Amino acid sequence: MKRKLSIGPKLYIGLMFAFFYLPILVTMFFSFNSSKSLTSFSGFSLRWYEKLVTDSNILSAVYVSVSIALIATLISTILGTITAIGLSKSKKVLREWLLNVNNMPIMNPEIVTAIGLMILFTSARMERGYITMLLAHIAFCTPYVIVSVYPKVRAMDHNLADAAMDLGATPYQALTKVILPMLKPGIFAGMLLAFTMSIDDFVISYFVTGNGVSNISIVVYNMTKRTNPTINALSTILILVVVVVLVLVELIPKILKKRRSGQIVMENAKSGVRKKVLLTGCVAAAVVVIIFCINNFMGMNQKNVLRVYNSGEYIDTELIERFEKENDCQVVYETFDSNETMYTKLQSGSEYDILIPSDYMIERLIKEKYLQKVDWTKITNKSKIIPELLNGNFDKGSQYTVPYYWGTVGILYNKNKVAGEDLKQGWEILRDKKYKGKLYMYDSERDSFMIALKALGYSMNTHDKKQLKEAYQWLIEQQETMNPVYVGDDVMDNMISGNKDMAVVYSGDGAYIISENDDMGFFVPEQGSNVWTDAMVITKHCENIDLAHKFMDFFLQEDVAIQNTEYIGYDSAVKSVYEYYRDEEYEGNPGCAPDTSNPKNEEFRYQEQEIKEYCASLWTKVKSN
């Protein structure tokens, strides 16, 4: 009987640890995968580790993360410890009020703190970058230190410090030799918590950074836009570092304890000197790091600077380095996760020279006078652009825009499982009960409503609430009958692995999936679809207009467009490059190559606030159904 009872808890504990650590082991395993797939292991390789150590963006992000975490931890620990000691000597009313204020940033959602700090730095006209990120980390780490140290302060016998001073100790000696040793457990706990919070932070860092300064979390977030196994390699290294640190923390005290046998007196004599040397070394190292960071991230203004804001994983950064060398300049490159995030940062006062948004957002930026017109006399490669892209409805005559990439939205399908006859249904195939539970829908409000509206024969830019309500019912009925799974960029790896029979994807993603899985095909329904265009635009705050035009012209060069297209996977606005990939990459699957021949295809247009809010409310109901 006792044996059975002992097996049960062990089994549960084993399952619990498997639940915790199996995802980590899977991540480490696939970091050695020779292919891009995150689910199918095709052979052992160090390919992603080689890419990791040669990627300057990742190495810079590691440096930023570690240096900011160390400095923020040091400063927040000092501030938090001093504040906790001070609170213990304060009046009750003041102490309780300050503790409640201290708890606010801990209890607040991170996004609230992030927006607040962003507005603060903007109002103070501080140029966002390394310093603002460091100040933000100190601000949100310090309350955690106070919370960790203050209970130890309350439990401490304050009479010991008074007794020490009665015996001749100075206030400084009483602090360092009596108070701090008693608070050591709380200080170390607060220090570790501050370091963990800093190294792990994403939301606050994302909103307060600028000038191309990114930490690990921001870089990893941008990598998730496309299938990028370099994330696995980076994660594996971080995991191994943590394991090594934990092992050393466990073993070193035991080794030192053995070596100290017979040397206790000598060690006690030297301990004070060692502590002073260690403290001095830490302070000196922190000062050196701060000076280096200021020189590194603020000294770039010695060259001509171009501030570029683009979607994550949407440019080959090697080309940026090439542009810098050719023009003896500094490109400060930042990324956003959506057009809406980009717009929010512009509204907050962030200033950039070049943006690369989508068509509907460009229309909004033009209406709200965020942009200035392009001087086409400075774009020597204009003749290379696909003519149809120079007269989009969102910017007639391309007065403000230089086309970058374009494409369509269609249906990716498994040719072995989806009958050719069924494809004639167009978008209605997404409600064919034959494929129930075998469908991925793209997790996007506008794309989902576009599908429903086109299936019903309406314009995807309709402002008619009755038509939008019908589209909402179409999506609800699809959910009830098909059980679709709404996904983001992870659709690529899932479809490469053949997890579903169909998926709604962008044409560029469809081409990539087909290149990895020959069983897949792609088509754009005859009812029409979204033909989207992303373009380069110049902001009204651009400080170096000539350099901005050179940058846009540079990405229209044929050799540059080829390299960039190979990296991105979407369709270039450069006519010769588009035609080359259409003929080579889309052979047998011409549907992946976007075109404007179908009159039912449309561009997304800017939505007025009333319609936007109405669609958002309907989409919330769809997702919560």
Side-chain angles (χ1 to χ4, degrees), residues 20 64-124 126 128 130-158 160-161 175-176 178-209 215-218 221 242 286 341 344-345 348:
F20 287 153
V64 170
S65 291
V66 174
S67 61
I68 282 184
L70 290 175
I71 298 171
T73 298
L74 176 64
I75 296 175
S76 62
T77 300
I78 295 172
L79 292 176
T81 302
I82 293 173
T83 303
I85 295 173
L87 285 173
S88 68
K89 300 292 185 179
S90 302
K91 294 181 179 180
K92 183 179 179 181
V93 175
L94 178 62
R95 181 171 63 247
E96 291 182 352
W97 183 80
L98 289 174
L99 287 173
N100 288 330
V101 171
N102 183 71
N103 290 332
M104 288 176 63
I106 297 176
M107 299 175 65
N108 266 342
E110 272 195 285
I111 187 65
V112 175
T113 304
I115 297 295
L117 287 168
M118 180 180 70
I119 295 173
L120 173 65
F121 294 140
T122 302
S123 302
M126 293 182 65
R128 274 175 273 179
Y130 189 93
I131 298 301
T132 54
M133 187 187 291
L134 175 60
L135 292 174
H137 280 232
I138 294 171
F140 77 78
C141 285
T142 301
Y144 290 94
V145 177
I146 295 173
V147 168
S148 298
V149 176
Y150 183 69
K152 293 294 180 183
V153 175
R154 290 194 60 185
M156 178 182 72
D157 186 353
H158 294 274
L160 292 175
L175 174 67
T176 57
V178 179
I179 297 177
L180 292 183
M182 288 190 290
L183 301 180
K184 191 182 294 184
I187 293 173
F188 283 151
M191 185 184 298
L192 290 173
L193 188 57
F195 182 83
T196 303
M197 295 296 294
S198 177
I199 205 78
D200 182 60
D201 176 71
F202 165 71
V203 176
I204 294 175
S205 300
Y206 188 82
F207 280 91
V208 302
T209 190
N215 59 11
I216 294 175
S217 58
I218 294 175
Y221 180 74
V242 171
T341 299
T344 299
K345 292 199 76 172
S348 73

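Because the structure is predicted, anything quoted here is derived from the model rather than measured. Residue numbers count from 1 along this sequence.
Interatomic distance, CG of N215 versus CG of D200, reported as 9.5 Å (0.5 Å rounding). For the atom pair F202 CZ and E110 CD, the distance stands at 10.0 Å (nearest 0.5 Å). Taking CG of L135 as the start and OH of Y130 as the end, the distance is 11.0 Å to the nearest 0.5 Å. To the nearest 0.5 Å, the span separating CD1 on I68 from CD1 on I138 amounts to 9.0 Å. Note that CG of L117 and OG of S205 are 10.5 Å apart. Values are rounded to the nearest 0.5 Å.
Other residues, nucleotides and ligands place no more than 12 heavy atoms under 6.0 Å from the NZ atom of K152. M104 CE: 12 or fewer foreign heavy atoms inside a 6.0 Å radius.
The shortest side-chain heavy-atom distance between M133 and R128 does not fall under the 4.5 Å cut-off. When side chains are defined from C-beta on, I82 does not count as touching I85, because their heavy atoms never get closer than 4.5 Å. Within the 4.5 Å cutoff, the side chain of T142 has no heavy atoms near those of the I75 side chain. The shortest distance between side-chain heavy atoms of Y150 and T83 does not fall below 4.5 Å. L87 places none of its side-chain heavy atoms less than 4.5 Å from the side chain of V153. Looking at heavy atoms from C-beta onward, T77 lies in side-chain contact with I187 at the 4.5 angstrom threshold.
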Identify each donor-acceptor pair in which a side-chain atom of residues 190-199 lies under 3.5 Å from a protein atom, sequence neighbours left out, and give them as a table.
residue	atom	partner	partner atom	Å
T196	OG1	L192	O	2.8
S198	OG	H137	ND1	2.7

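Classification of the Y206-Y221 ring pair by plane angle, with boundaries at 30° and 60°, yields perpendicular.
A donor-acceptor contact shorter than 3.5 Å links the side chain of S67 to the backbone of V64.
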When you look at L99 and V147, which way does the side chain to side chain contact (heavy atoms under 4.5 Å, CB included) test go after all the steps? CA-CA 9 Å; L99 287 173; V147 168; over 6 Å; no
